[in-house]
Chemist: 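To start, I am sharing the structure in question, which I have written as C-alpha cells.
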Amino acid sequence: MRINTNYLQLGGRYLFAEIARQVSAYKSEHPEADIIRLGIGDVTRPLPDAAIRAMHRAVDEYADTKTFRGYGPEQGYDFLIDAIIAHDFAPRGISLDRDEVFVSDGAKSDTGNIGDILAPDNIVGITDPVYPVYVDTNIMAGRKLCYIPCHAANDFTGDIPTEHLDIIYLCYPNNPTGAVITREKLSAWVDYALRERAVILYDAAYEAFIQDDALPHSIYEIEGAKQCAIEFRSFSKTAGFTGVRCGYTVIPKELKADDGTSVNALWNRRQCSKFNGASYISQRGAEAVYTPEGQQQVRVTIDYYMSNAAFIRTSLADMGLTVYGGQHSPYIWVSTPDGEDSWHFFHRLLTDANVVVTPGEGFGTHGEGYVRITAFGTADDSRAAMGRIKAIL
Ligand code: MLT
C-alpha cells in the first residue's frame, strides 16, 4: 500500500484545528481564563423556530411505518429543491431546472469534493487570502496553484489574470476579508472564464449577509455565467445550520468541459456513487427556512450578527486600526497594529485579552498583517472582546 503523497505537502494541521489546539493548550495551562472565541466562523444563535418545528415533525415521521423514509434521493428531495429555486433564484430572474440543484451536507464538502470530477492537471487560481479548504483540497489532488493577490487596492477582489487558468475559486461576500464584489467586477471574471474556457467555482455561502441589493447574490445574475460557473450555497451561516448540516450546489446543464462532457451529469454520477443525500430531517429544516415565518426569523438573526459586525467595526476603527468588511459580511478584516505579525498578534490577544481571532497569515501570505474577527459571537461577547482589545492596545 502507498499513500497519496500529495497529502504530505499539506501544512501540519487544518487552520481552524490548529487554532483550536493552541487555544485548548492555553486553556489547560490557564483554566481560570474566560476566553471569548471570535475565531472560527461558527454561529451562536438558535435555529429559526420554523426550522426547529419542521425538524421535530420530520423526526416523528420516522416513528411511523406509514411515514417512515429510508434512503432519500442522492440529489436531495424535490420539496427542498423547489423551495430553493423559487426563493433563491426565481426572484433574481434566474431559471433553473430541478436537476441543476444538488442538495448536500454543506458547502465545505462540496467545494472540497468538486475537484473529484476535474482533471489533476488543471491550473487553479486561488485568491489570496482564502478559505483554506480550496487550497488544501487542490494540494491533495496534486494540482498546480496560482495565487491571485487580494488587497485593499483591488478591493480584495483580485486583478483579472493575464495568464491562463482552468479553475478559479471566488467567494463573495468573501471569507476571510468580508469584501463584496460588484456586478461589474464579477462580469469581468465571467468574461475571463468564458474567454479562457475556465470554470469559476463561486462560493456564495455568505450571500444572505448582503445589505445592498445592487450587489449580486448569485453569479448567475451575470450573463453567460451558466456556461462557466458552479455556485455553492449553505444554510450554515444563513440559518444556523453549522451543526445540522445542509447546503446545495448549482451546476447548470449549459456548463460543458472542453471535450463537451456535461459537468452536471458527471457530478450527478459522482454523487450517486459517493453520497447518500443530506438527512431528511435537515432538508425539512432547510425547507422551513423559506416559509414566511422562517424568512422573518432568519432576518432577525442576520440583523443580530450584523449589529455585532457594526459594533466591532466601529470599535476597532475608534482604536485607530484599519478595518475592512463587516458591512455585507459577518467577517471583519483588520490590520494588525503597527504591522505586527498576525500570529504574534493572535497570541497576544489570546494571552493578554483572552480573545480568540484568526491570524490572517493562516488564510495565505497576503493575509499577513491582518486578523479576522467574526461577528457570529453573542452581542455580550462582542462588546466584552472589544473592551479587552482596547485595554491592551
Ligand atoms: C470559517 O471560520 O472560515 C468557517 O467556519 C469555515 C467554514 O464555514 O467551514
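Positions are given from 1 along the sequence. Atoms within a ligand are numbered from 1 in the order they appear, just like the ligands themselves.
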Chemist: Would R372 count as being in polar contact with ligand 1, using the rule that some N or O on each side must be under 3.5 angstrom apart?
Modeler: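 Yes: some nitrogen or oxygen of R372 is under 3.5 Å from one in ligand 1.
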
Chemist: Can you find a heavy atom in the side chain of L10 that is under 4.5 Å from one in the side chain of M140?
Modeler: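 In contact.
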
Chemist: Please say whether G41 places an N or O atom under 3.5 Å from an N or O atom belonging to ligand 1.
Modeler: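 Indeed, backbone or side chain, G41 has an N or O that close.
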
Chemist: Of the backbone atoms (N, CA, C, O) and the side-chain heavy atoms from C-beta on, which set of F363 has a member under 4.0 Å from an atom of ligand 1: side chain, backbone, both, or neither?
Modeler: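 No part of F363 is near ligand 1 at this cut-off.
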
Chemist: Could you check atom 7 (C) of ligand 1 against the protein and tell me its nearest heavy-atom contact, residue, atom and distance included?
Modeler: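 Here the closest protein heavy atom is Y131 OH, 3.2 Å.
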
Chemist: Do the side chains of K27 and E29 get close enough for a salt bridge, i.e. N-O under 4.0 angstrom?
Modeler: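 No salt bridge links K27 with E29.
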
Chemist: Quick one: does K237 get an N or O within less than 3.5 Å of an N or O on ligand 1?
Modeler: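 Among all N and O atoms of K237, at least one is under 3.5 Å from an N or O of ligand 1.
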
Chemist: Hydrophobic cluster mates of V300, side-chain heavy atoms under 4.5 angstrom, ILVMFWY only, any path?
Modeler: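 Result for V300 is none, singleton.
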
Chemist: Is there a side-chain contact between S104 and S109 (heavy atoms, below 4.5 Å)?
Modeler: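 Answer no - side chains too far apart.
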
Chemist: With a cut-off of 4.0 Å, which atoms of ligand 1 are near a heavy atom of Y331?
Modeler: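 Answer, ordered by atom number: 1 (C), 2 (O), 3 (O), 4 (C).
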
Chemist: List every atom of ligand 1 that sits less than 4.0 Å from any heavy atom of F16, numbering the atoms from 1 in the order shown and giving each element.
Modeler: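 In order of numbering, the contacting atoms are 1 (C), 2 (O), 3 (O).
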
Chemist: Residues two or more places apart in sequence or in another chain: which of them pass side chain to side chain contact (heavy atoms under 4.5 Å, CB included) with A119?
Modeler: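 For A119 the side chain to side chain contact (heavy atoms under 4.5 Å, CB included) partners, ignoring immediate neighbours, are D121, N122.
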
Chemist: Check for me whether the distance between the ring centres of Y202 and Y220 falls short of 6.0 Å.
Modeler: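 Here the rings of Y220 and Y202 have centres that are no less than 6.0 Å from each other.
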
Chemist: In ligand 1, which numbered atoms sit nearer than 4.0 Å to a non-hydrogen atom of I40?
Modeler: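 Heavy-atom distances to I40 below 4.0 Å select 2 (O), 5 (O).
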
Chemist: May I ask you to check if ligand 1 and N175 share an N or O to N or O distance below 3.5 Å?
Modeler: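 Min N/O separation from ligand 1 is below 3.5 Å for N175.
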
Chemist: So, is the end of the R299 side chain (NZ or CZ) under 6.0 Å from the ring centre of Y304 and within 45° of the ring's axis?
Modeler: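 Judged by the rule, R299 and Y304 form no cation-pi pair.
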
